[in-house]
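Notes for the one structure printed next.
Small disclaimer: the values here were computed from a predicted structure and weren't measured. Note: hydrogens, waters and symmetry copies are ignored here, and every other heavy atom, side chains too, is used.
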Amino acid sequence: LPDENAERMELRERIEAALNRLSNTYRKVAILQLMEGKSYAEIYEEIGGNYSTNKVHAFRSKSILRKNPWLQESAEELGLCQTTAKVKKG
């Protein structure tokens with residue numbers, strides 16, 4: 001399992017590097033959605049703001065991350081190809 005652990009660590013480092021390149025707003029939404037698995041409604045409840053704007057930020061952050069060459073091979077596994085929310089607002 002050392003190879004598996006090394007692969008996970010490498011992927012985690014690539015994810016962190018890619019997230020650090022996002023603006024603070026996009027990073028926050030991306031972490032909540034992709035890393036913590038929160039829905040748009042949960043993101044809205046946690047950070048407030050405008051529900052639709054948060055949705056756009058989530059879409060744009062995933063789009064930026066999807067284009068990152070370090071993450072392209074893992075894009076589907078990381079949920080970067082997913083474009084719909086798990087739970088709708090209200």
Side-chain angles (χ1 to χ4, degrees):
L1 296 178
D3 289 339
E4 201 172 292
N5 287 336
E7 286 178 22
R8 272 194 235 137
M9 285 298 293
E10 181 184 342
L11 180 58
R12 182 177 181 87
E13 289 171 6
R14 287 188 283 160
I15 292 168
E16 288 177 5
L19 287 171
N20 286 332
R21 293 190 168 150
L22 294 174
S23 70
N24 287 336
T25 302
Y26 287 2
R27 185 180 320 115
K28 183 182 284 189
V29 173
I31 289 170
L32 290 172
Q33 185 180 41
L34 300 173
M35 306 298 277
E36 297 181 18
K38 297 197 176 192
S39 68
Y40 295 132
E42 292 168 322
I43 292 169
Y44 172 75
E45 288 175 15
E46 186 159 328
I47 64 175
N50 181 288
Y51 178 81
S52 296
T53 301
N54 288 335
K55 226 173 144 174
V56 169
H57 289 166
F59 177 82
R60 288 182 181 164
S61 64
K62 284 193 289 186
S63 179
I64 292 167
L65 291 171
R66 189 172 37 249
K67 293 175 186 174
N68 186 307
W70 297 345
L71 300 179
Q72 284 180 348
E73 65 188 47
S74 305
E76 189 169 339
E77 177 185 343
L78 296 172
L80 298 177
C81 297
Q82 177 184 351
T83 57
T84 58
K86 290 183 265 175
V87 178
K88 294 189 179 189
K89 180 183 173 191

Inset, instruction - Check whether any side-chain heavy atom of L65 sits under 4.5 Å from a side-chain heavy atom of L19, and report yes or no. - result: yes
Spatial distance of atom [atom1] ([X]) from atom [atom2] ([Y]) [nearest 0.5 Å]:
X	Y	atom1	atom2	result
N20	I15	CG	CD1	12.0 Å
E45	S39	CD	OG	7.5 Å
L34	E36	CG	CD	10.5 Å
N54	E42	CG	CD	12.5 Å
I64	F59	CD1	CZ	10.5 Å

Inset, instruction - Apply side-chain contact (heavy atoms from CB on, under 4.5 Å) to E10 and list each qualifying residue two or more places apart in sequence or on a separate chain. - result: R14
Legend entry - Pairs where residues 17-33 contributes a residue and the test salt bridge (charged side-chain N to carboxylate O under 4.0 Å, His left out) is met, not counting sequence neighbours: none
Legend entry - Exam field: side chain S61 to backbone H57, donor-acceptor pair closer than 3.5 Å: yes
Inset, instruction - Name all residues meeting the side-chain hydrogen bond (donor to acceptor under 3.5 Å, both in side chains) criterion together with E7; count only those two or more places apart in sequence or in a different chain, and write none if there are none. - result: none
Legend entry - Geometric class of the Y51/Y40 ring pair [parallel <30°, tilted 30-60°, perpendicular >60°]: perpendicular
Legend entry - Single-linkage hydrophobic cluster L22~M35, side-chain heavy atoms < 4.5 angstrom: yes
